[in-house]
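Below, read A as the first sequence line, B as the second, and so on, with proteins coming before strands; counting in each chain starts at 1. The figures that follow rest on heavy atoms only: side chains count, while hydrogens, waters and symmetry mates do not.
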Number of protein chains: 2
Amino acid sequence: MLDYPALRAVAAVAHTGSFEKAAKMLNVTPSAISQRIKNLEDRLGVVLVERATPCVATEKGEWLCRHIEHVAMLEGELFKNLPALAEAGSAAPQVTLHIATNADSLGTWFMQAISTYARNSGHLLNAAVDDQDHTAEWLRRGRVLAAVTSLEKPVQGCRRTPLGALRYRATASPEFVTRHFAHGVTARTIAAAPALTFNQKDRLQSQWIRQELGEDVAFPTHWLPSTQSFVDASLAGMGWGLNPELLVKDHLKAGRLVEILPARPLDVPLYWQVSRLAADQLSSLSQAVIETARQQLVQPVQTAKSER
Amino acid sequence: MLDYPALRAVAAVAHTGSFEKAAKMLNVTPSAISQRIKNLEDRLGVVLVERATPCVATEKGEWLCRHIEHVAMLEGELFKNLPALAEAGSAAPQVTLHIATNADSLGTWFMQAISTYARNSGHLLNAAVDDQDHTAEWLRRGRVLAAVTSLEKPVQGCRRTPLGALRYRATASPEFVTRHFAHGVTARTIAAAPALTFNQKDRLQSQWIRQELGEDVAFPTHWLPSTQSFVDASLAGMGWGLNPELLVKDHLKAGRLVEILPARPLDVPLYWQVSRLAADQLSSLSQAVIETARQQLVQPVQTAKSER
């Protein structure tokens, strides 16, 4: 049997960032917290918590945190059927669900889905943000229980549901277009006009160039790892870049932004993948996500269906 | 003498994400790029580029990228005085300035400063985002040349200028306040109301609790690593959290958000720290940053002055 008081101590320190606050949270002394973690670390021969300000879980420590949260979720289900159990023991720690999403989904449609779910379920959410091509990796490693991903293929042990596509528009300020694309969008002008790139994982600008020009072109770029800053930088004439249509619709209508090639969007299909182990407990989250996506994302003409 | 063609190849691969695009950018064959990097790696006995899709620089490779960018900036200065030199050799690669900022500055006042600078200088910017207590670390490690930081003490080898304070308001939706703080904001109600936390490095909510309640209180929290999503989650009634006043002013005025304790802001003083090695070349960036900050941040009553 795992040493659950020790696991809970690790999770509480990772969550609060200090031994003192973890102690307060679990109603024990800080030295009890320290002792439990130390014993577990000695037994496993690995460091679970990095003693710093704030304290953070190591990679191994994070695995334990995920496990204890998953167990807490299962306990929550059990207590619904056996309420006497909850009253007998100490209060179950509040459940935190770990999910991953791409930044542009979080910045557009995803918040509506998760805020509804959080209010109704009373669960806490921890949203990890990564590129849509990489959130599946978080799922594969067991660091999250569900993810918005561009990966069509089901991750092993997961259920996958198509969500529709997030539509991007290649936009810039009108003044930027006059300055850099007066002679059209060609390999030559693209190679000279500063673009915007989210981070090293962001290939959207390259994909759009390939889609429109039929070849790869190296281009100069600013780097701005924030969905909203991308829009702000576009408005300020700093560069051109692929912005989610949901965020720039009004700017396009008002003429503050223009498409550098009119009506040439890039669609990125997204999928909701949920660990099978948690799929039943997460069914109301999945429902909220899928419903919101159906309203906000671009849907294919045929009816999308849930698949395993 | 360093092997500059090899260094440039590493930087080009890190920048474009592939050997093919780097080759196109430098007008050589992909195998030349591959050969140069391989030779340098063999000589140094370390991997500089992780061969993946996309290719990314390793930590050691990043050091070389920073160096070559710094050299390119110095070359740019030299070419201004000796234009014949630029024409004789191949074109100098475009300069990318690496700077670090906290997410909330990027999401509020910082874009105005850097977009003006980028347009006027023609330089590219790479903005790294980290917590305001941690951007100084990026500077210390030489990964950026300048940073917005909460660190008052000058980083070794850097010049520091106070920028004023970013003011935060502890906000939530009116409905959330009714639900969770009908009996006031006390240790007991804070311990039960879901908060919002940016990431493990974000201590703003804890700081505000200590400032207002005079003690540390562990509290349940959602985790959302995005400035704009923090505001969206507050509006959606998901939790309470510290939002930059610049982003929630209009929501507060319209009553869509309220302060959970009226007129109890938290001010986070920010500083601009610039590597001395680059301070002269970055003087126009520093000027743009300082001017924008003086307009947008909360200024102390006495005149702030630049210090060394």
Peer 1: Do you know which two heavy atoms are closest between K24(B) and D216(A), and how far apart they sit?
Peer 2: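 Minimum heavy-atom contact is NZ-O, 2.8 Å.
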Peer 1: As an exercise, state the distance from CG of N126(B) to CG of L224(A), rounded to the nearest 0.5 Å.
Peer 2: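 Answer for the CG-CG pair, N126(B) versus L224(A), is 8.5 Å.
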Peer 1: For E50(A), does the CD atom have more than 12 heavy-atom neighbours from other residues, nucleotides or ligands under 6.0 Å away?
Peer 2: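 At most 12 heavy atoms, drawn from other residues, nucleotides or ligands, come within 6.0 Å of this atom.
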Peer 1: Is it the backbone or the side chain of T197(A) that comes under 4.5 Å from a heavy atom of chain B, or both, or neither?
Peer 2: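 Contact with chain B is absent: no heavy atom of T197(A) under 4.5 Å.
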Peer 1: Are the side chain of H222(A) and the backbone of L125(B) linked by a donor-acceptor contact shorter than 3.5 Å?
Peer 2: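 At least one qualifying donor-acceptor pair exists.
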Peer 1: Of the backbone (N, CA, C, O) and the side chain (C-beta and beyond), which part of A57(A) lies under 4.5 Å from a heavy atom of chain B, both, or neither?
Peer 2: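 Just its backbone gets close to chain B.
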Peer 1: Taking all non-hydrogen atoms of both residues into account, name the closest pair between M25(A) and A218(B) and its distance.
Peer 2: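 Looks like CB-CB, 4.0 Å.
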Peer 1: So which part of F110(A) gets closer than 4.5 Å to some heavy atom of chain B, the side chain, the backbone, both or neither?
Peer 2: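 It is neither, since no heavy atom gets under 4.5 Å.
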Peer 1: Under a 4.5 Å cutoff for heavy-atom pairs, which residue among A233(B), A128(B), S229(B) has the most contacts with chain A?
Peer 2: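 Counting heavy-atom pairs under 4.5 Å, the top option is S229(B).
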Peer 1: Please indicate whether R188(B) has more than 12 foreign heavy atoms, meaning atoms of other residues, nucleotides or ligands, lying under 6.0 Å from its CZ.
Peer 2: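 Atom CZ in R188(B) is not crowded, with 12 or fewer foreign heavy atoms closer than 6.0 Å.
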Peer 1: Is the number of heavy atoms from other residues, nucleotides or ligands within 6.0 Å of CD (E59(A)) greater than 12?
Peer 2: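 At most 12 heavy atoms, drawn from other residues, nucleotides or ligands, come within 6.0 Å of this atom.
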Peer 1: So which atom in R203(A) and which in G17(B) form the shortest heavy-atom distance, rounded to 0.1 Å?
Peer 2: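 Looking at all heavy atoms of both residues, the shortest contact is NH2-CA, 3.7 Å.
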Peer 1: Answer with side chain, backbone, both or neither: which region of H123(A) has an atom nearer than 4.5 Å to a non-hydrogen atom of chain B?
Peer 2: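 The backbone, not the side chain.
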Peer 1: Nearest 0.5 Å, what's the CE-CG distance between M238(B) and L124(A)?
Peer 2: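 Reported to 0.5 Å precision, the distance equals 8.5 Å.
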Peer 1: Heavy-atom distance under 4.5 Å to chain A: side chain of T227(B), backbone, both or neither?
Peer 2: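 Answer is neither: T227(B) stays 4.5 Å or more from chain A.
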